[in-house]
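Values below: every heavy atom of this structure, side chains too, minus hydrogens, waters and symmetry copies. Just so it is clear, the model here is predicted, and its values are computed rather than measured.
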Amino acid sequence: MEPCSCDTFVALPPATVGNRIIFGKNSDRPDDEVQEIVYFPGKCYEAGEKLECTYIEIEQVKQTFAVVLSRPSWLWGAEMGANEFGVCIGNEAVWGKEDIGNEEALLGMDLVRLGLERGRTAEEAVDVIVSLLDQYGQGGNCNEDTAQFLYHNSFLIADRKEAWILETAGKFWAAEKVEEGIRNISNSLSITTKIDREHPKTRPHARNNSWWDGVQEFNFAGAYSWHYPSKSSSHGDRYCEGYKLLKKHNGNMTAEAMMEILSNKRSGINMEGSFRTTGSMVSILSQDPNQPCCHFFTGTPDPSRSVFKPFIFAPQIQQLLKTASPSFGLDDPVKQIPRFQTRPDRRHELWRKHESVLENMGKEMLGKMKNLEKQKLKEVEIILNGDVDLASLALLFPNSVEEEIKIYG
């Protein structure tokens with residue numbers, strides 16, 4: 001399978017409007033894979049309880065935080081999401097000199113969810129991910145198919161104050177703190193010489209494999225990659241094109257501008273083909289602690305022909321039924337050994353309705369969809385700048401989904 005999937009972006013003041021951090025990601029996955037939007041409340045656990053992730057069981061923590069996730073519907077983890085404290089994470093597939101084994105461990109997507117469930121800040125989420133990476137490793141098929149799709153992971157992690165880039169090669173990693181301006185990641189290692197944190201054996205391992213001479217300034221991407229991002233085929237092109245799009249909006253970045261970037265097809269950011277953009281996310285992270293954060297999700301393919309719908313953490317949120325795929329429990333082919341011998345229909349209601357009109361979507365319908373999106377953006381601005389009862393926001397996302405479904409007839 002070709003190494004091409006996903007782009008994640010962040011913009012921090014002074015690149016943004018209104019003293020906010022804007023986060024965005026496109027999840028590019030196999031074109032027949034369903035992406036769902038799901039919510040899980042925070043929960044307390046007894047000591048010694050276990051947690052079953054996609055492939056392996058790990059130790060559970062005493063408390064998890066509420067999360068909203070956009071994820072391939074067959075697995076436990078997530079491609080992207082946010083937690084109740086305003087932490088957002090998106091991951092990317094990366095490849096390099098470090099061997100990728102096929103042993104089942106934690107998927108990078110499992111690490112996304114674990115970072116959100118256990119990290120109150122972006123840096124705490126970094127701590128969670130690298131600790132679990134060291135303890136359990138990363139690995140396993142990232143595709144709902146008998147054909148293996150294997151990769152290491154990079155992560156863009158943001159909160160109300162800052163962002164972190166965390167890039168891995170097996171159990172080795174480097175992290176870069178982003179405190180202002182713009183940054184993006186694609187399917188290449190991008191951390192070079194600005195390394196704020198790293199695995200203690202990252203440099204010795206590179207030296208032992210003759211990837212670094214120990215004399216020149218250490219360059220993580222230079223040591224662990226076969227090539228630099230700007231020259232790394234389609235995903236390198238997307239990395240550069242993504243940065244150009246960010247730079248175009250530098251100083252006036254908004255949620256709407258981030259949605260425009262994610263919808264851009266010319267750059268390859270909005271992907272089409274055997275791999276396509278199956279879900280998109282944009283978040284507004286206010287640096288004012290008195291304002292809530294808002295997270296927009298499509299839950300459908302092709303953001304240029306989808307509706308970004310707002311979600312705000314609030315009391316009494318229920319499971320998001322119209323964007324949650326059917327559950328098959330222990331009968332799920334993912335749980336059977338050997339895995340992936342059959343594929344059930346995982347389409348949720350919104351996916352089915354959107355799929356029925358996607359290929360023949362006319363200008364009139366698309367106009368109604370984008371008008372709904374603009375209406376929701378305006379509603380969110382009123383919420384973020386006003387005195388709104390958070391309890392009233394529990395239905396913000398599901399009501400937006402209902403309004404979208406009505407457009408499809």
When the aromatic ring centroids of Y224 and F220 are compared, is their separation below 6.0 Å?
yes
Given the ring of Y55, does R339 sit roughly above its face, with NZ or CZ under 6.0 Å from the centre of the six-membered ring and within 45° of the axis?
no
Exceeds 12 heavy-atom contacts within 6.0 angstrom, atom NZ of K97
yes
State whether the number of non-hydrogen atoms from other residues, nucleotides or ligands found under 6.0 Å of Q316 atom CD is greater than 12.
no
Inspect the surroundings of CD in E59 and state if more than 12 heavy atoms from other residues, nucleotides or ligands are less than 6.0 Å away.
yes
Matching residue for V87 among L285, L116, V67 - test: side chain to side chain contact (heavy atoms under 4.5 Å, CB included):
L116
Verify whether the ring centers belonging to F308 and F297 lie closer than 6.0 Å.
no
Taking atom CD1 as the centre, does I337 end up with more than 12 heavy-atom neighbours from other residues, nucleotides or ligands that are less than 6.0 angstrom away?
yes
Return yes if a side-chain donor-acceptor contact under 3.5 Å exists between H295 and S283, otherwise no.
yes
Does NZ belonging to K335 count more than 12 external heavy atoms closer than 6.0 Å?
yes
Salt bridge (Lys or Arg N to Asp or Glu O under 4.0 Å) with R197: of E176, E167, E123, only one passes, and it is E123
Mind running salt bridge (Lys or Arg N to Asp or Glu O under 4.0 Å) on D7 and R238 for me, showing each step along the way?
CA-CA 8 Å; D7 295 272; R238 289 199 337 275; 2.8 Å; yes
What residues form a salt bridge (charged side-chain N to carboxylate O under 4.0 Å, His left out) with E359, not counting sequence neighbours?
none
With a sphere of 6.0 Å drawn around NZ of K248, does it hold more than 12 non-hydrogen atoms of other residues, nucleotides or ligands?
no
Centroid-centroid distance, F275 to F149, less than 6.0 Å
yes
Heavy atoms from other residues, nucleotides or ligands near CD of E49 exceed 12 (cutoff 6.0 Å):
yes
